[in-house]
Number of protein chains: 4
Amino acid sequence: MAKKTGEKYQNIIEAAVKVIARYGYHQAQVSKIAREASVADGTIYLYFDNKDDILISLFKEKIGAFIDTARTRIEQLDRADDRLRELIYMHLWQMSQDRNLAIVTQIETRQSNPVLRAGIYDVLKHYLNLIDEVVFLGKKQGIFGPDVDHRIARKMIFGTLDEVVTSWVMNERDYNLINLVESIHNLFINGLKVAKQ
Amino acid sequence: MAKKTGEKYQNIIEAAVKVIARYGYHQAQVSKIAREASVADGTIYLYFDNKDDILISLFKEKIGAFIDTARTRIEQLDRADDRLRELIYMHLWQMSQDRNLAIVTQIETRQSNPVLRAGIYDVLKHYLNLIDEVVFLGKKQGIFGPDVDHRIARKMIFGTLDEVVTSWVMNERDYNLINLVESIHNLFINGLKVAKQ
Amino acid sequence: MAKKTGEKYQNIIEAAVKVIARYGYHQAQVSKIAREASVADGTIYLYFDNKDDILISLFKEKIGAFIDTARTRIEQLDRADDRLRELIYMHLWQMSQDRNLAIVTQIETRQSNPVLRAGIYDVLKHYLNLIDEVVFLGKKQGIFGPDVDHRIARKMIFGTLDEVVTSWVMNERDYNLINLVESIHNLFINGLKVAKQ
Amino acid sequence: MAKKTGEKYQNIIEAAVKVIARYGYHQAQVSKIAREASVADGTIYLYFDNKDDILISLFKEKIGAFIDTARTRIEQLDRADDRLRELIYMHLWQMSQDRNLAIVTQIETRQSNPVLRAGIYDVLKHYLNLIDEVVFLGKKQGIFGPDVDHRIARKMIFGTLDEVVTSWVMNERDYNLINLVESIHNLFINGLKVAKQ
DNA sequence: TATGAATGAGAGTTCATTCAT
DNA sequence: AATGAATGAACTCTCATTCAT
């Protein structure tokens, strides 16, 4: 029913990111988003099925595009460890680029509303697949240990990056996420233990 | 104003865990929690300031107790790597023990409501400190690398465990979290890379 | 869930009759009814499931009581033709007594809303049964013709009375319905044709 | 403003009967009617002033035509009692012919909206006049009793037929209305009482 | 004539919280 | 301490109507 294209559609998405980042999902009334997008309240419903659909669509548009870009760039590299570095970099870089989007992504999409969660997860699983592929490749290339459990590795990679970004978003100080890439990569690859001589 | 002790206080906490796990925070009306706890709606407000305070108090009671136990057990071990294993074990074991609590912890406390987040964080930071201490000790003992950034390490440890538990809670299949302890520990200590001969 | 007793329940019913008669069902906002009944909007929902339920309950209370009274009085008479006269009288008298109720009954309950119609019909069928019983008795007593189809007779009796009252309600002039009892009764009993000498 | 002629006008009327019969007046959105009529939403407003006007116009077109036909056929008969039979027949036959129209007529036009009711009544009164004329003629011809009150008689005739058709429309079973003509006619003429020997 | 995207007013209902008993 | 009836603010979504093209 809802027509998910056009300039107004994009405007509403942008307005939603802004308003939700500022007020939180629950305090981001549809009328507030409409005003920010300079359209009438009813117009929102020409492009979105309901309020939840705004958040889901927003996530789909933004994260979907990110995943595509990330995949393209990652696949230009040969070695799995380089791919992992690129993935870390892309994740942090993307979130650095748009703090409002990061807020929405890290905080507001973590609603317990089942419909919302399901919609979000539909997008997220493509990202988790991308991580899996890097891990599989690493094992195949003999760079990552054969005993590495890819499900655990995936959760470590995603869980760590997610926590790093959440922490950054919640923090007053606006430090540079990109500076963390090497540290994180090193931790993933070599672990905590002291390097052998 | 609210008296945070007594049998009824505990009953309400237990009722809240049950009801919130089942219906989600937004669908866990105060009257539903009151009925489950066999008290009147108004009685809730003799023990809690407001609905948010129920969730925060619940988190404080449950996770606070967990942190104390975890700290006690961890401090009985000497080596940081053993402590880390114990921390992983305690985290997963605790969540395994009470699935309802795990649901509330992993899903329902992730509300974007600022008051709620602040209350939750107040408790959580004690846990994050505990993690920090293990990392510091590891570096001091020369078990963990001197270049390990404790903030990154802490986010890796917490982020990974959090993601592992969330994933377990969201999953239909009820696999045994405890079985993952060694894999996770190994990944944290040695990283992804293939072991040197 | 809704508690359909108590003083407030009755107050709301009375307020609803008044407000709906004056503004029509669609323009009788719940808040208007609440104000008229001197209760808060939310209080309405302690006594009624929803707005439709107000109209249905109102009809049930008022018409249900009327049917009981009518039945009691009718059954004190022996002859079916006397019972028919009493039924006509009771119908018109009842409506004369409370013009607001008549307006609601004749106009506002004729909504095409299926839920509403079903609720209304549940009450109405008891009245139609009462009419049927009078017709059956008349045939049994040999007062009404053996060939009279009770279904048609019932529709004639109800349809006529309904149209008479609707017409009265719609009319500006407030003539006395009771004066029509004999004419209607005569028409039902003897029909249109000129009396035999 | 609205041009009430042309092929599209008729198409919209037909579409409206269909859609309103199926979904009810309130669920028969203008856009639904437009789609059924294969025109744009805005086009509706070139032919009708507003949504109410569609229902009123529909009633006018359909019932107006019916009244004309009924009058023509009735006036070909001499005796008032034959005319009454023809009127009953025409009423039931017409409704039998187009169940959708019957649904709209019996259920959906009974809206409490004053504007709508006024528009409907404007058409209906021509029908009531036709009934009156039959009654007057019967009295003049000495076929109907001189004491018959024509207003009561009219209400009996219309009220009964209306109730018969409403009952038929609401009923699941699709029995033949035409079969009822003689019974109804007999009841109108001779009343309920047992025939004199 | 015809289109259909855009408008924006309007209302039922929920539920955390209070307070008289 | 405990009760639970009463409160009333708050918000999503629908849909008849318009008007630039």
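Letters A, B, ... are given to chains in the order of the sequence lines, protein chains preceding strands, and every chain is numbered from 1. None of these values were measured; they are calculated from a predicted model.
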- When rounded to whole Å, the CG to P distance for the pair D52(B) and dT17(E) reads 7 Å
- Message: What is the distance, to the nearest angstrom, from the CZ atom on F48(A) to the P atom on dC13(F)?
- Response: 13 Å
- Query: Could you state the interatomic distance from NZ (K32(A)) to CZ (R22(A)), rounded to the nearest 0.5 Å?
  - Reply: 8.5 Å
- Query: Say you pick atom P in dT21(F) and the same atom in dT1(E); how far apart are they, in whole Å?
  - Reply: 22 Å
- Query: Tell me: CG of D41(B) to P of dA6(F), nearest whole Å?
  - Reply: 13 Å
- Task: Using the closest heavy atom to pick a nucleotide of DNA chain F for each, name whichever of Y25(D) or K8(B) lands nearer the 5' end.
- Result: K8(B)
- Note on the structure: Between CG of D53(D) and C1' of dT17(F) the distance, given in whole Å, is 14 Å
- Query: Taking the side chain of Q29(B) as its heavy atoms from C-beta onward, which of dC15(E), dA2(F), dA9(E) lies nearest to it?
  - Reply: dC15(E)
- Note on the structure: With the side chain defined as heavy atoms from C-beta on, V30(D) is closest, among dA16(F), dT13(E), dT12(F), to dA16(F)
- Message: So that I can tick it off, tell me whether R110(B) and E108(A) are bridged by a salt bridge, with the cut-off set at under 4.0 angstrom between side-chain N and carboxylate O.
- Response: no
- Item | Presence of salt bridge, D53(A) and K4(A), under 4.0 angstrom | yes
- Task: Tell me which of D49(A) and H26(A) sits closer to the 5' end of DNA chain F, going by the nucleotide each one is nearest to.
- Result: H26(A)
- Task: May I ask you to say what Y47(A) touches in the nucleic acid, namely base, sugar-phosphate or nothing, with a heavy-atom cut-off under 4.0 Å?
- Result: sugar-phosphate
- Rounded to the nearest angstrom, tell me the gap between atom CG in L55(B) and atom C1' in dA16(E). 15 Å
- Task: Nearest whole angstrom, please: distance from the C1' of dT13(E) to the CD1 of I12(C).
- Result: 14 Å
- Message: Using OP1 and OP2 only, check whether a side-chain N or O of K3(D) sits under 4.0 Å from dT1(E).
- Response: yes
- Message: For K18(A), is there an ion pair with D98(A) - N to carboxylate O distance below 4.0 angstrom?
- Response: no
- F48(A) vs Y9(A) aromatic rings, parallel, tilted or perpendicular, using cut-offs 30° and 60°? parallel
- Message: Using OP1 and OP2 only, check whether a side-chain N or O of Q27(B) sits under 4.0 Å from dC15(E).
- Response: yes
- Task: Measure from the side-chain heavy atoms of A40(C) and tell me the nearest of dT7(E), dT3(E), dT7(F).
- Result: dT7(F)
- So, is K51(A) near the phosphate of dC11(F), with a side-chain N or O under 4.0 Å from OP1 or OP2? no
- So which nucleotide does dT21(F) pair with, by the Watson-Crick or G-U wobble rule with both distances under 3.5 Å? dA2(E)
- Separation of atom CD1 in I33(B) from atom C1' in dT17(E), rounded to whole Å: 14 Å
- Whole Å only: how far is the OH atom of Y45(A) from the C1' atom of dC13(F)? 5 Å
